[in-house]
Amino acid sequence: MGDLNTCRICGAPTECVLDLGKTPPANSLKKRRDEPEAAFPLVLHRCDTCGNLQLRDCLIADDLYRNYLYVTPSSPMLSRHYRVLIDYLSSHGHVNAGSRVLEIGSNAGLFLEAIAPDVSAVVGVDPATAIAAQANAAGIPTVCDFFNADSAARIAGEYWRPDLIVARHCFAHNCSPHEMLGGVTKILADDGLFVIENAYALNTVEQTEFDQIYHEHMFYYSVRSMRHLLQMHGMTLVDVMTASIHGGSIVFVAARATAGREPLPTVERALERETAPLSREGLGAFAQRTREAGAKLRRLVSELRAEGRTINTYGATAKGNTLLNYSGLTASDIPFCADSTEIKQGRYLPQSNILVISEEQAFADPPDYFLLTAWNYQEEIVAKVRARGNIRSKFIVPIPEPHII
Ligand code: TYD
């Protein structure tokens, strides 16, 4: 869409930060090993004008999300995070018992289920047919659609104008943030808030999480780029909060400029903190660390295989596919990937052709090493493996650089 070297936020020219080569979309797991697969360039660009980081090439959302296989895992860590977020929203007066909450990209409805007791009404909107049906069946009202000005108007007509709109880990998943914001500004209550939670570009860069880069993640937001984008839609970034979830996330809180809310000092402090790491030079250093990390992982796996060690990956994650494919790792070195998501099991990871098995299967025949492709759940997964009596398998943690624990 449009000129590949143009910022999708402000329209200024962009420049290349990092080229990760061509890969299939990260969640396109295959039913058969020999199923044909298309690969697309994975190239990170930066706009010097507004600080935006975006993929050069954007895939079509309809192809990516209608038959989506990503179901939020049930995880104590996620439940704790929902609690932290809800407590933050309540203690800052952003929600109260009378609030009506709309969640964009609500998936199976776990966040809405968690916030429902604290507010007066909830509704979700999500384009993935099977997953929206699952949420409705579980009692979380969910509209199956993409979120834009048209669907927003329909939802507001059928339900209400929301006091709080939440978009958790989905706002960067669409090539036009302007479309989503068009929907938000159309229906948000006059004094309502829009809360966006996303992986934070500062953490991605500082912790060399190059595997956060995949086709679904079309933007890598910073406070600077988000503030600019919101201003273009008559909104003010009033607060930010950081969280450790998903390798380092940020919660942006925005209000209509007409509501007259002043930004809290947290915004200015975050801007200062991110300026150097997200500058052209800072990103050049990130690209260099990425090249080194990829080569180190490849070397480590070759050495272990030469010693006759067996390796499985743990977590059929989107980020894992960037990690494996960029590092050139395939089923010939790593035959299996353990994952708790039933619809992923029995399928093959794109390009690497690694077969996804259940955690039980992996526990029954444990490898010498698990490459932790779901490193964001490290604590939980290591505890789970040990609790199942497996004290033999070691873990290769790929971030911030490959190391063994
Ligand atoms: P996630 O970290 O959300 O990754 P991404 O956004 O990169 O796709 O996905 C976590 C994956 O790990 C998911 O497929 C479920 C799996 N998983 C397990 O198999 N066992 C576990 O105990 C946990 C917490 C996750």
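Both ligands and their constituent atoms are indexed starting at 1 by order of listing. Residues take their numbers from the sequence shown, with the count starting at 1.
More than 12 non-hydrogen atoms from other residues, nucleotides or ligands lie less than 6.0 angstrom from CD of E360.
Ring geometry, F40 versus H215: the interplanar angle exceeds 60°, so the pair is classed perpendicular (tilted spans 30 to 60°). Ring geometry for F252 against Y200 counts as perpendicular: the plane angle is over 60°, on a 0 to 90° scale with 30° as the lower cut.
Nearest protein heavy-atom contact of atom 3 (O) of ligand 1 is Y70 OH, 2.8 Å. In terms of protein heavy-atom proximity, atom 1 (P) of ligand 1 is nearest to K319 NZ, 3.8 Å. The closest protein non-hydrogen atom to atom 9 (O) of ligand 1 is T317 CG2, 3.6 Å. Distance from atom 24 (C) of ligand 1 to its nearest protein heavy atom, with residue and atom name: Y377 CG, 3.5 Å.
Counting heavy atoms from C-beta outward, L181 and F194 have side chains that approach closer than 4.5 Å.
Residue T341 touches ligand 1 through its side chain alone, judged by heavy-atom distances below 4.0 Å. Only side-chain heavy atoms of E359 come within less than 4.0 Å of ligand 1; its backbone N, CA, C and O stay farther off. Both the backbone and the side chain of D339 come within contact range of ligand 1, each with a heavy atom under 4.0 Å. With a 4.0 Å cut-off on non-hydrogen atoms, Y214 touches ligand 1 through its side chain and not its backbone.
Listed by atom number, the atoms of ligand 1 under 4.0 Å from K384 heavy atoms are 20 (N), 21 (C), 22 (O).
For a threshold of 3.5 Å applied to N or O pairs, the pair formed by S340 and ligand 1 contains at least one separation below that value. Residue contacts with ligand 1: A318 is placed with a nitrogen or oxygen under 3.5 Å of a nitrogen or oxygen of the ligand (distance criterion only). Not one N or O of E380 is nearer than 3.5 Å to an N or O of ligand 1, by distance alone. The shortest N or O to N or O distance between N376 and ligand 1 is under 3.5 Å.
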Indicate every side-chain donor-acceptor pair of residues 293-302 with a distance under 3.5 Å to a residue at least two apart or in another chain.
residue, atom, partner, partner atom, Å
K296, NZ, P402, O, 3.4
R298, NH1, S327, O, 3.2
S302, OG, R298, O, 2.9

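Side chains of S28 and E37: no donor on one and acceptor on the other come within 3.5 Å. One side chain, K30 or N353, offers a donor N or O that lies under 3.5 Å from an acceptor on the other. Counting only N and O atoms by type, the side chains of D126 and S106 include no donor and acceptor under 3.5 Å apart.
In this view, N136 and T142 satisfy the side chain to side chain contact (heavy atoms under 4.5 Å, CB included) rule, not counting sequence neighbours.
Ligand 1 is approached by K344 to a heavy-atom distance shorter than 4.0 Å.
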